[in-house]
Each structure stands twice: as C-alpha cells, then as structure tokens.
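Here the structure comes first, spelled out in structure tokens, and everything after it is commentary.
What you see is a predicted model; the values in this text were computed from it and never measured.
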Amino acid sequence: MDIGNAALVVIDMQNGFVNRHSRPAVPSVSGLVDRWSAVGRPVIFTRYFNYPDSPYERFHGWHRLQKPPETDVVPELASAVARAHAVVDKTGYTLFTTEATELIRRAGWTDLVFCGIATESCVLKSAADAFEHSYAPWIVTDACASDAGPDVHDAGLLVARRLIGTGQLVTAAHVVGRLTAHAGVSVLE
C-alpha cells in the first residue's frame with residue numbers, strides 16, 4: 001500500500017444503510033477516517049441516491065434512500081464529510097462515476113483504500129472497478145459491513161478475494177501501521 005499515493009474512500013455511510021448489522025462498523029470507519037486525515041491524506045466520501053423507477057425499484061422492489069434523513073451521512077462522520085477532499089454522489093453501486101474517475105485521474109492516486117457499507121455490493125463493486133482501472137484496490141475488512149448481516153459481509157469478502165486478490169484485503173490495524181510508517185509518527189490515538 002502506497003500511502004503517499006492513496007486516497008481513503010468511505011462508501012455510503014448513510015443513515016439508510018445503518019442497522020443492527022452494520023452499526024458496529026460506524027466507529028471503525030470513523031476511527032480510520034480520523035487517523036487517515038491526521039496525516040493529511042485525502043478522504044473521499046460517496047453517497048448513494050435512489051430514484052423513482054431506478055433499477056433498484058424495478059428489479060429489487062427497493063424504494064429506500066431517496067431522501068433525507070436516509071440519504072444523510074451518519075452523524076458520527078458529518079464533520080469529516082465537511083472536511084473531505086471530495087464527496088461523490090452516485091445512483092449506482094460504484095465509486096467510478098464520471099466525476100470520480102476524473103478526480104482520481106487528476107489526483108494521480110495509485111491506491112484506493114475502501115471502507116464502508118455494504119461490503120458485498122458498493123464496496124465490492126468499487127474495489128473491482130478500481131482493479132479493472134489499474135488502481136491498487138484495498139478493502140479494510142473490519143471497517144466494512146453489510147446491512148444484510150455478517151454472513152453477507154463474509155460472502156462479499158470471499159468474492160473480493162477472487163476478484164481483487166487475497167492480499168488486497170487488510171485490517172484497520174494494517175492501514176494504521178502503514179500510516180504511521182508514512183508519517184513517521186504514531187497515529188494510533
């Protein structure tokens with residue numbers, strides 16, 4: 001992981017995706033964002049917005065996340081969103097909107113470090129797309145969750161190992177260690 005050329009991508013940490021299954025990831029993501037920001041590295045947040053007659057409505061019968069408060073980022077991360085390098089709004093699974101693709105290209109990042117919700121959909125799709133765009137994708141396994149439960153989270157990680165490589169799945173402790181090595185000071189607290 002090349003921290004000097006990396007961005008932390010926080011996927012869809014929105015009220016509508018946080019429930020009893022995914023709530024435990026909120027402090028993990030918040031802590032990772034704090035440590036990443038403390039060494040001056042860029043953070044990108046994504047926000048998903050559903051809309052009438054979307055594929056999610058047509059094929060899944062899913063009508064949620066069309067307006068606040070469901071579309072709002074969780075309160076624990078609201079101040080981090082205000083300080084973020086960018087906030088990417090999207091209507092699909094992936095980070096790679098036209099705007100985000102251009103942002104990443106212009107910034108010259110080589111590594112994209114993913115955390116957030118949901119492991120098996122938006123996190124996985126974004127990481128796989130990063131891989132296919134020749135970026136080094138990293139999934140922080142203990143700073144991700146699925147609102148569908150731990151078994152679905154684990155299934156997402158299983159598929160991620162096949163799509164982007166086993167070595168691309170890391171823990172928050174690993175990322176913090178890389179941040180510390182990059183900064184030359186401890187970022188543990």
Could you check if a side-chain atom of [X] sits within less than 4.5 angstrom of a side-chain atom of [Y], using non-hydrogen atoms only?
{"X": "Val10", "Y": "Val29", "result": "yes"}
{"X": "Arg83", "Y": "Ser79", "result": "yes"}
{"X": "Ile164", "Y": "Ile139", "result": "yes"}
{"X": "Arg47", "Y": "Val88", "result": "no"}
{"X": "Asp53", "Y": "Tyr51", "result": "no"}
{"X": "Cys115", "Y": "Leu8", "result": "yes"}
{"X": "Val74", "Y": "Leu77", "result": "yes"}
{"X": "Met1", "Y": "Val175", "result": "yes"}

Could you tell me which non-hydrogen atom of [X] sits nearest to which non-hydrogen atom of [Y], and how far apart they are?
{"X": "Ser30", "Y": "Glu76", "answer": "OG-O, 3.8 Å"}
{"X": "Pro52", "Y": "Gln66", "answer": "CD-OE1, 3.5 Å"}
{"X": "Ser126", "Y": "Cys122", "answer": "OG-O, 2.8 Å"}
{"X": "Ala130", "Y": "Leu112", "answer": "CB-CD1, 4.0 Å"}
{"X": "Phe114", "Y": "Pro137", "answer": "CE1-CB, 4.2 Å"}

Exercise for review: Show the numbers, then the answer: is there a salt bridge (Lys or Arg N to Asp or Glu O under 4.0 Å) between Lys90 and Asp12?
Suggested key: CA-CA 10 Å; Lys90 60 192 185 70; Asp12 302 348; 2.9 Å; yes
**Study point:** Chi angles and distances behind the side chain to side chain contact (heavy atoms under 4.5 Å, CB included) call for Leu65, Phe49
**Key:** CA-CA 6 Å; Leu65 275 106; Phe49 291 89; over 6 Å; no
Check: [X]/[Y] side-chain N/O donor and acceptor closer than 3.5 Å:
{"X": "Asn50", "Y": "Tyr48", "result": "yes"}
{"X": "Thr71", "Y": "Gln14", "result": "no"}
{"X": "Ser22", "Y": "Asp147", "result": "no"}
{"X": "Asp142", "Y": "Thr171", "result": "no"}

Point to revise | Residues Ser37, Val33; criterion side chain to side chain contact (heavy atoms under 4.5 Å, CB included); working and verdict | key: CA-CA 6 Å; Ser37 300; Val33 168; 4.0 Å; yes
Check: [X] side chain, [Y] main-chain N or O, donor-acceptor pair, under 3.5 Å:
{"X": "Arg162", "Y": "Leu158", "answer": "no"}
{"X": "Glu120", "Y": "Gly156", "answer": "no"}
{"X": "Arg41", "Y": "Ile3", "answer": "yes"}
{"X": "His133", "Y": "Asp129", "answer": "yes"}
{"X": "Arg178", "Y": "Asp2", "answer": "no"}

Review point. Do the two ring centres, one from His182 and one from Trp36, sit under 6.0 Å apart?
Key: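 No - the distance between ring centres of His182 and Trp36 does not fall below the 6.0 Å cut-off.
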Review point. Are Glu57 and Arg64 close enough, and set up right, to give a salt bridge (Lys or Arg N to Asp or Glu O under 4.0 Å), and what steps lead you there?
Key: CA-CA 9 Å; Glu57 282 196 355; Arg64 298 190 52 214; over 6 Å; no
**Study point:** Test side chain to side chain contact (heavy atoms under 4.5 Å, CB included) applied to Leu103 and His85, step by step
**Key:** CA-CA 10 Å; Leu103 169 71; His85 184 82; 3.9 Å; yes
Exercise for review: Say whether Val9 and Ile117 are linked into one hydrophobic cluster, either directly or through other cluster members, by side-chain heavy-atom distances under 4.5 angstrom.
Suggested key: no
Exercise for review: Answer with yes or no whether the hydrophobic clustering places Leu32 together with Val81; edges join I, L, V, M, F, W, Y residues whose side-chain heavy atoms lie under 4.5 Å apart.
Suggested key: yes
Pairwise distance [atom1]([X]) to [atom2]([Y]) - rounded to 0.5 angstrom:
{"X": "Thr101", "Y": "Arg106", "atom1": "OG1", "atom2": "CZ", "result": "11.0 Å"}
{"X": "Asp151", "Y": "Ser146", "atom1": "CG", "atom2": "OG", "result": "9.5 Å"}
{"X": "Leu95", "Y": "Lys125", "atom1": "CG", "atom2": "NZ", "result": "10.5 Å"}

Check your understanding: Between Thr119, Leu163, Thr94, which is the residue that forms a side chain to side chain contact (heavy atoms under 4.5 Å, CB included) with Leu124?
Key -> Leu163
Check your understanding: Parallel, tilted or perpendicular for Trp62 and Phe17, by the 30°/60° rule?
Key ->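 Because their plane-to-plane angle is under 30°, the rings of Trp62 and Phe17 count as parallel.
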Practice item. May I ask you to check whether over 12 heavy atoms, not counting those of Arg58, lie within 6.0 Å of atom CZ? Key: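 Yes, the 6.0 Å shell around CZ holds more than 12 heavy atoms from other groups.
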